[in-house]
There are 2 protein chains.
Amino acid sequence: MPTNDVANDLRIVLGQLVRRLRADDVLSTSHVAVLSSLDRLGAQTTSGLAAGQHMRPQSMAHTIGELEKEGLVERRPDSDDRRQVMVELTKGGRELLYETRRRREDWLAQAIDGLMPAEQKVLEQAIALLERLAVL
Amino acid sequence: MPTNDVANDLRIVLGQLVRRLRADDVLSTSHVAVLSSLDRLGAQTTSGLAAGQHMRPQSMAHTIGELEKEGLVERRPDSDDRRQVMVELTKGGRELLYETRRRREDWLAQAIDGLMPAEQKVLEQAIALLERLAVL
DNA sequence: TATTGTTATACTCTATAACTATA
DNA sequence: TATAGTTATAGAGTATAACAATA
C-alpha cells in the first residue's frame, strides 16, 4: 500500500478514535498525558511539559492551571532560577491517575483486552512507531 | 504489557499525533475524512456520514455546511424521501482531496516513507486494528 | 536583551437542545 | 408521532499575541 494511503487511513482512524475517547472519560486525554508524564519523569517545568507533549507553553500553562484548580498538580517556583516554575503531582493527582488506569469501565483497555495476543503485540509495536512519528 | 498501560500509551500518542497533524494541513482531519468517505462510497446522507465517522448528525451537518461553503460538496434532497439530503463530492472537492493526498509536503506520508518496510507493515496492521476498536 | 511563564483572545471541532420539514 | 436535517449555543482544547518577572 502506498505510504500516502497509509497516512490518509491513519489520519482518519485517529480522528475517529479521538472522538470516541473524548466521549466517555473522567480525565481528558491531555490531562492524563500531563499527569502521566509527571508520574513517570517527576516534577518538570511548564516548557518541559509543553515540549514533551509537542504543545505550546501557553497552551500547557492553561492545562496546568486547570489541573491546579482541581488540586491534581502544584506549582513551585524553582529556587535557583525563579523564572522557572516546577510542576509536580499532588497526592490526589497521583491517586486519580492510578484510579483512572485501574478503571474497569475503561472501554479502550477492554477493547484491547478483546484482541488476540498477536494483535496486541502489533498494537504495542505500532504505538512505539507512532511515538517516533509524533516527534518528527 | 498490561492492556491498561497499552490503552494509556495509545491515548497519549494519539493526542500528540492529532496536535501534530492539526498544525500543518490544508484540509482538517475531519474534512478529509468526509471527503474520503464520499470518494470511496459515493453520495451519502448526513446521518450516514455521521454514523460512519461516529459523530452526531448535528456535528456532521455543521461540517458539511463548511465543506459546502468551500464548494467541495453539494447537498441534494433525495427524490424519494425529501427529508433526506444526499451529500456528494463536487469536482473541486475530489480534486482537492486527490491533490492533498499527492502533496509531497505531507510530512506524515514522508515520515511513514522513512520507516523500514517491516515497520510500515506493522503500521498498516495496526490501523486495521484501530479501525475495529473505533467502532466498538 | 533574552528567557520563562502567564493572561487575553480567538479559532476549530464537536456536543446538546430546540426547531423545521417531511413521512 | 416519528424521522432527517438544520440552527443556535456551549464547552473543550490549543493557537497567537501581549504582558510580567527574572536572568
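All chains are named by letter (A, B, ...) in the order of the sequence lines, taking the proteins before the strands, and each is independently numbered beginning at 1. All of these numbers come straight from a predicted model, not from anything done at the bench.
Counting heavy atoms from C-beta on, the side chains of A:L133 and B:L123 come closer than 4.5 Å. Using a 4.5 Å heavy-atom threshold, the side chains of A:I64 and A:R75 count as touching. In this structure the side chain of A:R11 reaches within 4.5 angstrom of the side chain of B:L108, judged on heavy atoms.
Hydrophobic clustering, with ILVMFWY side chains joined whenever heavy atoms are under 4.5 angstrom apart, groups B:V122 together with B:L17. The cluster map of Ile, Leu, Val, Met, Phe, Trp and Tyr, joined by side-chain heavy atoms under 4.5 Å apart, puts B:L14 and B:I112 in the same cluster. Note on A:I12 and A:L129: separate hydrophobic clusters, where clusters join Ile, Leu, Val, Met, Phe, Trp and Tyr whose side-chain heavy atoms are under 4.5 Å apart, directly or indirectly.
If you measure from atom CZ of B:R19 to atom C1' of D:dA15, you get 12 Å, rounded to the nearest angstrom. Per the geometry, CD belonging to A:E68 stands 8 Å off P belonging to C:dT6, to the nearest Å. Straight-line distance from the CZ atom of B:R83 to the P atom of D:dT1: 17 Å, rounded to whole Å. For the pair B:R22 CZ and D:dA12 P, the interatomic distance rounds to 15 Å; values are reported in whole Å. Taking atom CE of residue A:M55 and atom C1' of nucleotide D:dT16, one finds them 15 Å apart after rounding to whole Å. Straight-line distance from the CG atom of A:L27 to the P atom of D:dA12: 13 Å, rounded to whole Å. Regarding A:I12, its CD1 atom lies at a distance of 15 Å from the P atom of C:dC13, rounded to whole Å. Distance, A:K69 NZ to C:dT6 C1': 13 Å, rounded to whole Å.
Below the 3.5 angstrom threshold, one finds no donor paired with an acceptor across the side chain of B:R82 and the base of C:dT22. Side-chain atoms of B:R56 stay outside donor-acceptor range of the base of C:dT14, with no qualifying N/O pair under 3.5 Å.
Contacts between residues 40-50 of chain B and DNA chain D, defined by a heavy-atom separation under 4.0 Å, are made by B:T45, B:T46, B:S47. Non-hydrogen atoms lying under 4.0 Å from DNA chain D are contributed by A:Q58, A:S59, A:H62, all within residues 58-66 of chain A. Listed by residue number, the members of residues 70-81 of chain B with any heavy atom below 4.0 angstrom from DNA chain C are B:D80, B:D81.
The shortest heavy-atom contact between B:R19 and A:H54 is NE-O, 3.9 Å.
Atom CD of B:Q58 and atom OG1 of B:T63 lie 11.5 Å apart (nearest 0.5 Å).
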For residues 33-50 of chain B, tabulate all N or O donor-acceptor pairs below 3.5 Å that involve a side-chain atom, not counting sequence neighbours.
| from | atom 1 | to | atom 2 | distance (Å) |
| --- | --- | --- | --- | --- |
| B:S36 | OG | A:N8 | ND2 | 3.4 |
| B:S36 | OG | B:V32 | O | 2.9 |
| B:S36 | OG | B:R101 | NH2 | 3.3 |
| B:S37 | OG | B:Q44 | NE2 | 3.0 |
| B:D39 | OD1 | B:R94 | NE | 3.3 |
| B:D39 | OD1 | B:Y98 | OH | 2.9 |
| B:D39 | OD2 | B:Y98 | OH | 3.4 |
| B:Q44 | NE2 | B:S37 | O | 3.2 |
| B:Q44 | NE2 | B:G42 | O | 3.3 |
| B:T45 | OG1 | B:G48 | N | 3.0 |

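Judged as a side-chain contact (heavy atoms from CB on, under 4.5 Å), and not counting sequence neighbours, the contacts of A:D78 are A:D80, A:D81, A:Q84, A:M86. Residues passing the salt bridge (charged side-chain N to carboxylate O under 4.0 Å, His left out) test with B:E74: none are found, sequence neighbours excluded.
For B:T29 and C:dC13, the shortest distance from a side-chain N or O to OP1 or OP2 is not below 4.0 Å.
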